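Working notes, structure below.
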Amino acid sequence: MDLTNEQLIQMYTTMVKIRTFENRVAELFADGKIPGFVHLYVGEEAVATGVCENLTDKDYITSTHRGHGHLIAKGGDIKKMMAELFGKETGYCKGKGGSMHIADLDLGIMGANGIVGGGPPLASGAALACQYMGNDNVAVCFFGDGASNQGTTHEAMNMAACWKLPVVFINENNMYGISCCTTKSMCVPNIADRAAGYDIPGVVVDGNDAVAVWEAAAEGINRARQGKGPSLIECKTYRHRGHFEGDPCTYRDDAELEEWKEKDPIPRLEQKLLEMELLTQSKIEKIKQELQKDLTAAEQFAEESPYPDISGLLEDVYT
Amino acid sequence: MDLTNEQLIQMYTTMVKIRTFENRVAELFADGKIPGFVHLYVGEEAVATGVCENLTDKDYITSTHRGHGHLIAKGGDIKKMMAELFGKETGYCKGKGGSMHIADLDLGIMGANGIVGGGPPLASGAALACQYMGNDNVAVCFFGDGASNQGTTHEAMNMAACWKLPVVFINENNMYGISCCTTKSMCVPNIADRAAGYDIPGVVVDGNDAVAVWEAAAEGINRARQGKGPSLIECKTYRHRGHFEGDPCTYRDDAELEEWKEKDPIPRLEQKLLEMELLTQSKIEKIKQELQKDLTAAEQFAEESPYPDISGLLEDVYT
Amino acid sequence: MPDMTFAEAIKDAHVVEMERDPNIYIAGEDVGVFGGCFGVTAGLLDQFGEKRVKDTTITESAIVGTAVGAASAGLRPVIELMFVDFIGVALDQLYNQAGKMKYMFGGKAKIPMVMRTACGAGIGAAAQHSQCLEALFMHLPGLKVVMPSTPYDAKGLLIEAIRDDNPVVFLEHKMLYAMEGEVPSGAYTIPFGQADIKRQGKDVTIVATANMVHTALGAAEKLAADGISLEVVDPRTLYPLDGETIFESVKRTHRLVILHEEVKFAGSGAEIAAQVAEEAFDYLDAPILRVAAPFCPVPFSPPLEKAYIPSEQQLIDAVKKVMA
Amino acid sequence: MPDMTFAEAIKDAHVVEMERDPNIYIAGEDVGVFGGCFGVTAGLLDQFGEKRVKDTTITESAIVGTAVGAASAGLRPVIELMFVDFIGVALDQLYNQAGKMKYMFGGKAKIPMVMRTACGAGIGAAAQHSQCLEALFMHLPGLKVVMPSTPYDAKGLLIEAIRDDNPVVFLEHKMLYAMEGEVPSGAYTIPFGQADIKRQGKDVTIVATANMVHTALGAAEKLAADGISLEVVDPRTLYPLDGETIFESVKRTHRLVILHEEVKFAGSGAEIAAQVAEEAFDYLDAPILRVAAPFCPVPFSPPLEKAYIPSEQQLIDAVKKVMA
Ligand SMILES: Cc1ncc(C[n+]2csc(CCOP(=O)(O)OP(=O)(O)O)c2C)c(N)n1
Ligand SMILES: Cc1ncc(C[n+]2csc(CCOP(=O)(O)OP(=O)(O)O)c2C)c(N)n1
Ligand SMILES: [Mg+2]
Ligand SMILES: [Mg+2]
């Protein structure tokens, strides 16, 4: 393990940051402050965090409809995120995108995506740009178990393999695509098993173990940086909340959820860091307080920001 | 090997029938008698023949842009085929379809298809109908090495696997998708290797050996008939002619072609049947003469048939 | 007649038809256990079982394509595309396969299938979950395009769609799902290609679709107070399009304003305007106006989304313009 | 000025621009070794090498999608979709991703990419290789839609397209590839949204696109002998559409006939007719007529295909009708 102590604490902090952000979004959504659809990342924080800890601002990620975690892990500004969720002028997209389309191209965040399977070709394309320009930047594609069955995913992986593109496909297997369980959407135990069809490495990792995710991602990302082509890393995880806020989740067992809550990635890393004496209870408290402060500030920023003026409705369609 | 002597002779006859048909089409195209695009099956006859020998009229096939061989092997009428190629009223599609769209739904031939990767979902759909109706009919999907990379192929195979549909995917790997060699379009040696990603059998067979194709197809098709789900059979073969008539084939070596001509499926089966004393030179001659007679009749039929009346232009759009 | 919501009316059409014909099956993402993203198919899995109510993987090309294959082999699929915006990943199977097979095969294929799909803005679902795309489907020969505006029409048109032997695209505006209205129990059909005059009037013809019909009716109510009488024509099916009823109306009112939610440019209203400019030109006393969404993706932010959706006031302004 | 074919002019635009800007690359099926299905990119692989001229697998979603990703990361892809008919397997990446990114992201994305594609009937390629689908692209915000009719326009418009920072759909009618015309060497651009009056006239305005421009010019020649003077307006870009030039022409001639090859119903001509019926209504002395393909897939058989494609005679008949 090559993670420094700072990195470990950083990862822990990021995960808590995502968790507190998402939990607050759930409340704000329930209160009617956030319109539209929101898909929360609670329970899956170790994936985005472990992966993005390997990336710089010059690397690219493509995200999904469940994008808040990816954005925060890649360095997204929660003020602009929250403002965007509120549909405010000061949001990442001036309120035009909302939860499903937050992007920050300056940080290499190529956007959340409302189309399941929309991201993989885009990620391969960003990777192509890195290869073409001859730098050692990479692209990372987050995609779900449901998205793994989309044709675009197959096409993008095959093209990436053929062209040895510096892209890492990170599958977030949370066992469900809305109500459709992976036991019904695929016949193989692992999505990573499909990597063999492209002659690229396919790795399964415990997606609730941030360090394990980091390690697997480090390998794939370094490989990509070295020009050795793409890989597929499947992170087994679970979403604690419904598919979207408001989902009654009738399609899955409470027992299953409870089982996964036992494997919650945050207490797990917390425990580890406590054991390693990198954290103490008071340090944890301090981290959480700080995060809470930022979150409150973000919320206040969002709340107080104006809605976009409708005069801008037709702006930003074309350059 | 369970093939009867009659079947072996039948298969030989079918292959020669396809070959003579295709060679004549090449001439007629060069003479300007046949408009549009034609993609010939010369060299690949063993695939369609070996597969379709396992099928009845109640079974379905989906075909490709290179469909003449599939149609003939499934029992298509060469008169109506030739008339269609000429664009005549008496053709399979009243002249509306041409080479890329010949169909005979009464024989379960769901049409040649101008869209690469268009067939797999259709085949899964026909198989769904068989399963739904509770009979033991099956669907067979012919598709090329190029088509194997299309997203639709991935989606259709995965759905077929999940639903245990009675469909057999027959990959015709002739090493090229127009000018794109499989060495550039995929990184695995075999398309059949991708079957593992759906937990279905994946088999590689010498596509120029009609008996071997028959055997592999028999297994897949029987499996499907017994409700055990789909399989993928890859037939390694080669097209002797250009991608379409008129293709100068600058993208491949003459030497490669010559090598494959050595493996021509027709002399190979002929040799075998001569050795088994199922055929004699004179019987071969007789078969060829008969086929030639039918072909000449088909050509004459096509030649003499009228073009469709333009009053029918707007017919057949809706039921 | 019982009152039903638009969503219930659509479900009821499924029930009535599935009970009648065992070859009808439903397939789509989350249509079974979940009951459909908008609850339209809730309960059908329990009633008809897994064979006939199929939850699918998230693979729209395969959903549409297997339906086409199954239809050509004798079944009658009714599939759900969760949002019409997703058609981009599945269009080929719909227009190059389903829509053209019959013609390409010289008349011999029969593809009795319905693709139901939710469209429209109004719930903050942003650019990839809010479009109206009826003009795309209209332009593709071989498809029929249905767009109901009331629970009554929805049920009757869906039963007609299911019984039709051609591929039908059935567009359900999501702001209508909760709308209530009288719906007869049991089977009834509304023929395709018959526009419905939702309100008679004499000064200006308004052709409106889906929830815009209600916007038009609202405007009509308001303008009636000003002594302006609107005739509101709902085509109900965009292909076949009942030009006659529209022309007849324009011949009476001499003025036409078209109202739809999809973007104006190259939208469904363009075809209607063009047909009237050809067929009823001599009866027109004013330019043909279209009130429709502006040329941009659907924005997320509530005030922007509201500004995007054509409003009663915009329609009233257009009416006043053609009356001037 | 050297004479070039339409295909050569397009290739020349590639060469000029690729020499200028190293971030431009070409990708598509068979664009390299094979030189493109219609030979447009022949020789470019030798000239620019594999890095910049990329043969791809047969995966249109990935071709378009990687271009979108690469464009958003700083490259300028020019991709070839072999036939426009194949857009059904790749539309999502074009319209939900490329076309909307900038807007969804609040203006920050820049997607400078061109998708070139061959369209049109005339070579017996049947229903899945012969369509014109410009109306589809027109209706989707975020895309620009270009449809040249001459070698000169093709080169100037393609250079403009390559330099444009938005996704551009560049439609090449396959019957034009062999057409010759004068083409300046070196770089020049034709701005988008500027219609070109291909022939001046005073009696009837004909708006025509792609090879139909030449059909219109042929009809104009014939009708001139009868003393009827046609003005032939070629929009050149369908989005942005130069309504002004069309309106101005109609204000002079008072009569409009629209001619295009795609099916009439909900086609590009509908939008043009609708705009004129709104903006130049008072100047019209006759109904607006559209001459376009009938509502069916493109048939294979030569006589049927010929009957499908709008003809000079059909245009002449329409002109006589509006002159009556
Ligand atoms: C092309 C497309 N099909 C369907 C949907 C509707 N939809 C949104 S999220 C989702 C489930 C995605 O499942 P998965 O990929 O496993 O991601 P998860 O939600 O589990 O993170 C579906 C079906 C969509 N947005 N896009
Ligand atoms: C969706 C689509 N993309 C591209 C084409 C153009 N095209 C026709 S055949 C062909 C090659 C197909 O290769 P393969 O699947 O290996 O079949 P083969 O021609 O070798 O039999 C291509 C690219 C098409 N018809 N449809
Ligand atoms: Mg999932
Ligand atoms: Mg091949």
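For clarity, every value in this text was computed on a predicted model and none was experimentally measured. Throughout, a chain's letter reflects where its sequence line sits, starting with A, and its residues are numbered from 1.
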Discussion item. Please tell me whether D/Tyr239 and D/His139 form a close aromatic pair, meaning their ring centres lie under 6.0 Å apart.
Written reply: no

Worksheet item: Do any of residues 273-284 of chain D come closer than 4.5 Å to chain C, heavy atom to heavy atom, and if so which ones, in number order?
Response: D/Ala273, D/Ala274, D/Gln275, D/Ala277, D/Glu278, D/Phe281, D/Leu284

Worksheet, complete the sentence: Cut-off 4.5 Å, heavy atoms of chain C, and the answer for D/Pro294 is neither

Response to the item:
Correct closest heavy-atom pair for C/Ala195 and C/Asp242 would be N-OD2, 2.8 Å

Fill in: Interface moiety of C/Leu238 toward chain D, non-hydrogen atoms closer than 4.5 Å
backbone

Discussion item. Show, in sequence, the C-alpha distance, side-chain angles and deciding distance for D/His260 and D/Glu134, and conclude whether the side chain to side chain donor-acceptor pair (under 3.5 Å) test is met.
Written reply: CA-CA 10 Å; D/His260 58 65; D/Glu134 48 273 21; 5.2 Å; no

Discussion item. Quick one, D/Gln128 with D/Asp85, criterion side chain to side chain donor-acceptor pair (under 3.5 Å). Give me CA distance, side-chain angles, the key distance, then yes/no.
Written reply: CA-CA 6 Å; D/Gln128 293 172 340; D/Asp85 313 69; over 6 Å; no

Fill in: Segment of C/Ile87 engaging chain D (4.5 angstrom heavy-atom cut-off)
both

Practice prompt. Give a yes or no on this: more than 12 heavy atoms of other residues, nucleotides or ligands lie within 6.0 Å of atom NZ of C/Lys110.
Written response: no

Item to complete: Give, as side chain, backbone, both or neither, the part of D/Leu94 having an atom under 4.5 angstrom from any heavy atom of chain C.
Response: neither

Worksheet item: Contact part of D/Phe265 toward chain C, heavy-atom cut-off under 4.5 Å: side chain, backbone, both or neither?
Response: both

Item to complete: Could you have a look at C/Ala90, C/Ser268, C/Pro287, C/Gly99 and say which one has the most heavy-atom pairs with chain D under 4.5 angstrom?
Response: C/Pro287

Worksheet item: Counting heavy atoms not belonging to C/Lys108, are there more than 12 under 6.0 Å from its NZ?
Response: yes

Item to complete: Check each atom of D/Met138 against the heavy atoms of chain C and say whether the ones under 4.5 Å are side chain, backbone, both or neither.
Response: both

Discussion item. Quick check against the 3.5 Å criterion: does C/Glu261 have a side-chain atom that pairs as donor or acceptor with the backbone of C/Ala121?
Written reply: yes

